[in-house]
A.B. asks: 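Okay, here's the structure, questions in a sec.
Throughout, protein chains are lettered first and strands after them, A, B, ... in sequence-line order, and every chain is numbered starting at 1.
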Protein chains: 2
Amino acid sequence: MDYSIGKIAKETGSNVQTVRYYEKLGLMPEPWRNQAGQRRYGPNDLKRLAFIRHARSLGFSLPQIKELLSLADQPEKPCATADAIVAENLAKIRDRIHALQQLEQELKRIQACDMGNTSGSCRVIETLANHQLCLHDHHQNIESKSFV
Amino acid sequence: MDYSIGKIAKETGSNVQTVRYYEKLGLMPEPWRNQAGQRRYGPNDLKRLAFIRHARSLGFSLPQIKELLSLADQPEKPCATADAIVAENLAKIRDRIHALQQLEQELKRIQACDMGNTSGSCRVIETLANHQLCLHDHHQNIESKSFV
DNA sequence: CTTGTCCCTATAGCTGCTACAGGGTGCAAT
DNA sequence: ATTGCACCCTGTAGCAGCTATAGGGACAAG
Ligand SMILES: [Zn+2]
Ligand SMILES: [Zn+2]
Ligand SMILES: [Zn+2]
Ligand SMILES: [Zn+2]
């Protein structure tokens, strides 16, 4: 009726360090320990971890998930926050798709234009050296994190 | 005829720490210093930095850019590597677009299904708790970094 | 008794920056 | 002269979300 950390990790397709990491962040509760000091979990913990992993796979951030979990813990509360989080992510995803589609076009075009076979005559290199050869103002798309 | 680090940074829309960071990684050369120990750059360095920023804005990674720069430095070399890098990124971008489009659909659907206004009856929360309610096997899409 | 598998803590690494802390230099105005 | 400002320096730590390693303990099967 109780699970080791390895067990819930495997059940949910996570790995062990990740579960401990979630615990440290307060997403997973501190479980009780057996006499040897090892973590023991119950079915609710398993569900909670599955929730987290599912939300992660849908692109939610850990802070967002924390919020969603606290809502899930209080069924009588209004869900407006949850809905807002979804809407926010949807908007971000759409922006990102749009940016990536522009990149795709740009790269496709660069690739298609390339007739050279030495780097001196390579359209790829040439284009990188000169943004004038680009179609889009993709420069605005640059963000430090998670670009491709 | 020479630039301070602040100057080339501004010219290329980078910032100063970033330029130093590129130097540390070997993307930018170590420039000469004036008598006070401050970095001084020439026009070629400016071009090189512009190349890097442009490539970044097109989604290339720093290791890829290092490779592209070394090709750009040797015009007589074959450009097959550059072309391969572009192809590789194009494939990644397409995968990512595809994954994001599936996410978009999934979130859109979750949002549309949500009729509840307490978290106990919220389709968002319910779906996160149960992947059966999803259309796609988006779970495969999960990657640690840069998800949304 | 060794081997293997699991568990523990604590820490460092990944990407590509960005933001300090703590100091120096040089120019212009007061 | 000194005050202020803008720029420069090095070195380190932080972001997200893990992942991997070091260095150790516990327990069962062969
Ligand atoms: Zn080429
Ligand atoms: Zn461009
Ligand atoms: Zn709702
Ligand atoms: Zn799902």
A.B. asks: State whether A/S61 places a side-chain N or O below 4.0 Å from either non-bridging phosphate oxygen (OP1 or OP2) of D/dA16.
C.D. replies: no
A.B. asks: Do A/F60 and B/L133 land in one hydrophobic cluster if side-chain heavy atoms of ILVMFWY residues count as linked below 4.5 Å?
C.D. replies: no
A.B. asks: Is the shortest heavy-atom distance from the side chain of B/I97 to the side chain of A/Q101 under 4.5 Å?
C.D. replies: yes
A.B. asks: So that I can tick it off, tell me whether B/D73 and B/R48 are bridged by a salt bridge, with the cut-off set at under 4.0 angstrom between side-chain N and carboxylate O.
C.D. replies: yes
A.B. asks: So, OP1 or OP2 of C/dC17: does either fall under 4.0 Å of a side-chain N or O from B/Y22?
C.D. replies: yes
A.B. asks: Respond yes when some side-chain nitrogen or oxygen of A/T18 is under 4.0 Å from OP1 or OP2 of D/dT19, and no when none is.
C.D. replies: yes
A.B. asks: For A/R53 and D/dT19, give me the distance from atom CZ to atom C1', rounded to whole Å.
C.D. replies: 12 Å
A.B. asks: Can you tell which of D/dG17, D/dC7, C/dC6 lies closest to the side chain of A/R56?
C.D. replies: D/dG17
A.B. asks: What are the two closest heavy atoms between B/V16 and B/G6, and how far apart are they?
C.D. replies: CG2-CA, 3.9 Å
A.B. asks: Select from B/V16 and B/K24 the residue whose nearest nucleotide in DNA chain D is closer to the 5' end of that strand.
C.D. replies: B/V16
A.B. asks: Starting at atom OH of A/Y3, determine the distance to atom P of C/dC7, rounded to an integer number of angstrom.
C.D. replies: 14 Å
A.B. asks: Quick one: A/K10 NZ to C/dT5 P, roughly how many Å, whole number?
C.D. replies: 11 Å
A.B. asks: What's the CZ-P distance between A/R20 and C/dT9, to the nearest Å?
C.D. replies: 7 Å
A.B. asks: Please confirm whether the shortest side-chain N or O distance from B/N15 to OP1 or OP2 of C/dC17 is below 4.0 Å.
C.D. replies: no
A.B. asks: For B/I5, answer base if it contacts any base atom (sugar-phosphate contacts may also be present), sugar-phosphate if it contacts only those atoms, and nothing otherwise; contact means non-hydrogen atoms under 4.0 Å.
C.D. replies: sugar-phosphate
A.B. asks: Over how many whole Å does the gap from A/Q17 atom CD to C/dT11 atom P extend?
C.D. replies: 16 Å
A.B. asks: For A/P31 versus A/E23, what's the shortest heavy-atom pair and its separation?
C.D. replies: CD-OE1, 3.6 Å
A.B. asks: Restricting to non-hydrogen atoms, name the atom on B/S57 and the atom on B/H54 that form the minimum distance, rounded to 0.1 Å.
C.D. replies: OG-O, 2.8 Å
A.B. asks: Provide, to the nearest angstrom, the distance between the CG atom belonging to B/L25 and the C1' atom belonging to C/dC17.
C.D. replies: 10 Å
A.B. asks: Considering just the side-chain nitrogens and oxygens of B/S4, establish if one lies under 4.0 Å of OP1 or OP2 belonging to D/dC8.
C.D. replies: yes
A.B. asks: Please report, rounded to the nearest Å, how far the C1' atom of C/dC7 is from the CG atom of A/D2.
C.D. replies: 14 Å
A.B. asks: Is there a residue in residues 28-45 of chain A whose heavy atoms reach under 4.0 Å of DNA chain C, and which residues are they?
C.D. replies: A/R33, A/G37, A/Q38, A/R39
A.B. asks: Please give me the minimum heavy-atom distance between A/R20 and A/I5, naming the atom from each residue.
C.D. replies: CG-CD1, 3.4 Å
A.B. asks: Starting from P on C/dA19, measure out to OH on B/Y21 and report it in whole angstrom.
C.D. replies: 15 Å
